[in-house]
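What follows is a single structure, written as structure tokens, with notes after it.
Proteins come first, then strands; the chains are lettered A, B, ... in the order of their sequence lines, and each starts at number 1. Heavy atoms only: backbone and side chains are in, while hydrogens, waters and symmetry mates are out.
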There are 2 protein chains.
Amino acid sequence: MSSINEVAKLAGVSKSTVSNVFSQKRPISKEVSERVLQAARELNYKPNYMARSLAVKQTRIIGINMPGERAKFSQFHLSLLNGVLSECYEKGYRLLVNTLSADFKEKVEFIASDPVDGEIILDPTEENDKRVEDRMNQGIPFVIVGKPPKIFETAISYVDNDNFAIGTQVTNYLLSLGHVRILFLNAPEYRTVSKDRYQGYKYALTSAGLSNDSLLVSFLDERKTSAEFGYERTKAVLESGSNVTAIIADSNKMASGVYRAAEELGYRIPEDLSVISFSNESSYANILNPPLTCIDLNAEMLGKEATKLLLENLEDKNSIVKRIIIPSEFVERGSCRKANE
Amino acid sequence: MSSINEVAKLAGVSKSTVSNVFSQKRPISKEVSERVLQAARELNYKPNYMARSLAVKQTRIIGINMPGERAKFSQFHLSLLNGVLSECYEKGYRLLVNTLSADFKEKVEFIASDPVDGEIILDPTEENDKRVEDRMNQGIPFVIVGKPPKIFETAISYVDNDNFAIGTQVTNYLLSLGHVRILFLNAPEYRTVSKDRYQGYKYALTSAGLSNDSLLVSFLDERKTSAEFGYERTKAVLESGSNVTAIIADSNKMASGVYRAAEELGYRIPEDLSVISFSNESSYANILNPPLTCIDLNAEMLGKEATKLLLENLEDKNSIVKRIIIPSEFVERGSCRKANE
DNA sequence: CTGTTAGCGCTTTCAA
DNA sequence: TTGAAAGCGCTAACAG
């Protein structure tokens, strides 16, 4: 790899001239410019990324940070990631996926900071999320996908769905079909989304004049896959004779577990049991039989907007704290219908 | 952000001492060491990634490169990515997703090289893949997932499935069930995988004494989604009265299109039509009705092994060119059966 | 329009 | 066991 010095020498100019030929930060005569480009081509010169970053104190890399011990992407994350990528791609930024384990980081107390200008934080927890605290302290620019810990809610930019409204919406929908025994198979309890949606569910139910006895919720136990969880809970509840006539599932996969349990027990969907799900992986929802009615969370849009927000933040230092609410869409397919009298 | 100089000053030592306290590359007295650590803590010091990389000429970042205009991950890529991440994570490497468009790169003719030590190249094309040529010329370490362009086959390390064998295997399986009119809904024609699998298919068919007339193949037209393609081709072929009794689909999604077409035309699977697919997204394959028989390509393993290979390459300069063949697994579910007499 | 000179924050000789 | 100084490859401020 040849350096800027060699190019300068070969072209017979100073290195600042070479630098400026590429950056175009100051006018260079056509003649000199040609000579430099020629030399660069001959030497197969490419500017060194690290050296440049060190000098300008900026990397044009953003990071995406997943929680938990193992960095694993789910279907939802995949769509979100696609949104992030497409935006990075347009703006000429690169994307670094955070893959260093917490373990590893703690062992090496003074590990180097990530080589990023800013970060997108996924799946925050409601209380003390160490990741956001750290970044607040260190003054690293970041945005959150989801809702920040309460204490920071007005201090951090984030993009999220309106999960309370979503919880209310699906519940009201089911209520309007005459269901009153509605089981909510929710995300893990510590996640902010699951709380918000649960509140929405509760609000809809009590607003409809139903008592607290009507609240039927289970939070995902992460030792199980969501499909297993959907299957087991559904089976247990249906067998317990609790008269549940509708189920809200957190994800398409969880819903597939619900379908399986229903089939095994001889419940027909939607005749005997209505099912609705958050998140909409259309190819997945469509091959379920009957096709699954969903709330589309617009994961790709979440990723895209989060990225926009972050880049805006990076490029305009006095940009303000914003929260962006991404609309969700109700996608009616064939898994819900009027409750039997 | 405080720098090594400030730490050195506060601790009353030279910066090389500070550096060595962290890197432990030379012995430092306990006493001094304590003092430095204390100072670092006070100043909330974190080594600067870029500066360090510049000095050591190594980034501990690897890149993953997707082809095409838009960086978009599919289900298969997702599993693969998970494999890559888990390996990075263990070895303390970071992962950079290549998101700069070809457009953008060409406009800026001398764009800076990526800040990576090496790269994983996905989905190579059979002939002149510009990405691999570039990296060969520039001497950037890289490995390929899939088969390299022929001219480079012995010069580049790669990990792949044995796609010829896989093509043969599924075809022989179908043959053994008595099918002789087998439609192959393949990946795009320019992909190396699709050629290899097609050769395997052909080999099995001709080995069984069938003439070339029995070769029925369609390559994915990428203007369509694979589900659409599966649907349309199946419908067209079934309606044309070509007596097809079995279909090999490139992906689970494509197979879902096949299912839909079959249902519309009143063909029952597997009674009237056997379906088998490459790639195995178990949650997806299982909710198809009947569950889809697949060849599991072990995407996660592909990613993991590719990463291992690359890191091995980076850390041991005289490591050799290797090719690693990842085993695939035959997963029998309910979508194939004996052909009707 | 172009060259010279300092850094950016770290690691790595070379001396002591 | 420690310090001083040079340098990684680039950009930026200042001169001219």
Salt bridge flag under 4.0 Å for residues [X] and [Y]:
X: A:Arg191; Y: A:Asp123; value: yes
X: B:Glu6; Y: B:Lys9; value: no
X: B:Glu87; Y: B:Lys308; value: no
X: B:Arg131; Y: B:Glu119; value: no

Below 4.0 Å: OP1/OP2 of [N] and any side-chain N or O of [X]:
X: B:Tyr49; N: C:dT11; value: no
X: B:Lys30; N: D:dT1; value: no
X: B:Ser14; N: D:dG3; value: yes

*side-chain contact (heavy atoms from CB on, under 4.5 Å), paired with B:Ile121, selected from B:Ile156, B:Ile144, B:Val143, B:Ile64*: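 Answer after filtering B:Ile156, B:Ile144, B:Val143, B:Ile64: B:Ile144.
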Rounded distance (Å) that lies between atom [atom2] of [N] and atom [atom1] of [X]:
X: B:Leu54; N: D:dG9; atom1: CG; atom2: P; answer: 7 Å
X: A:Asn5; N: D:dC8; atom1: CG; atom2: P; answer: 8 Å
X: B:Arg60; N: C:dC10; atom1: CZ; atom2: C1'; answer: 17 Å
X: B:Gln58; N: C:dG9; atom1: CD; atom2: P; answer: 21 Å
X: A:Gln24; N: D:dT11; atom1: CD; atom2: P; answer: 13 Å
X: A:Lys57; N: C:dG9; atom1: NZ; atom2: C1'; answer: 8 Å
X: A:Lys46; N: D:dC8; atom1: NZ; atom2: P; answer: 21 Å
X: A:Glu6; N: D:dG7; atom1: CD; atom2: P; answer: 15 Å

*End-to-end bend of the helix from C:dC1-D:dG16 to C:dA16-D:dT1 (five-pair axes, 10° rounding)?*
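The two end axes of the helix from C:dC1-D:dG16 to C:dA16-D:dT1 meet at 40°.
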*For the side chain of B:Ile4, counting heavy atoms from C-beta on, which of C:dG9, C:dG3, D:dG9 is nearest?*
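Ranking C:dG9, C:dG3, D:dG9 by closest atom to the B:Ile4 side chain puts C:dG9 first.
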*For the side chain of B:Asn48, starting at C-beta, report the closest nucleotide among D:dG9, C:dC10, C:dT2.*
C:dC10
Protein and nucleotides 12-16 of chain D: nitrogen or oxygen contacts under 3.5 angstrom:
| from | atom 1 | to | atom 2 | distance (Å) |
| --- | --- | --- | --- | --- |
| D:dA12 | OP2 | A:Lys25 | NZ | 3.4 |

*asked:* For B:Arg94 versus A:Leu96, what's the shortest heavy-atom pair and its separation?
replied: CB-CD1, 3.8 Å
_So which atom in B:Tyr49 and which in B:Arg60 form the shortest heavy-atom distance, rounded to 0.1 Å?_
OH-O, 3.7 Å
*Give the intermediate values and the outcome of salt bridge (Lys or Arg N to Asp or Glu O under 4.0 Å) for residues A:Lys91 and A:Glu315.*
CA-CA 11 Å; A:Lys91 301 282 174 56; A:Glu315 277 159 18; over 6 Å; no
_Centroid separation B:Phe152 to B:Tyr158 less than 6.0 Å_ = no
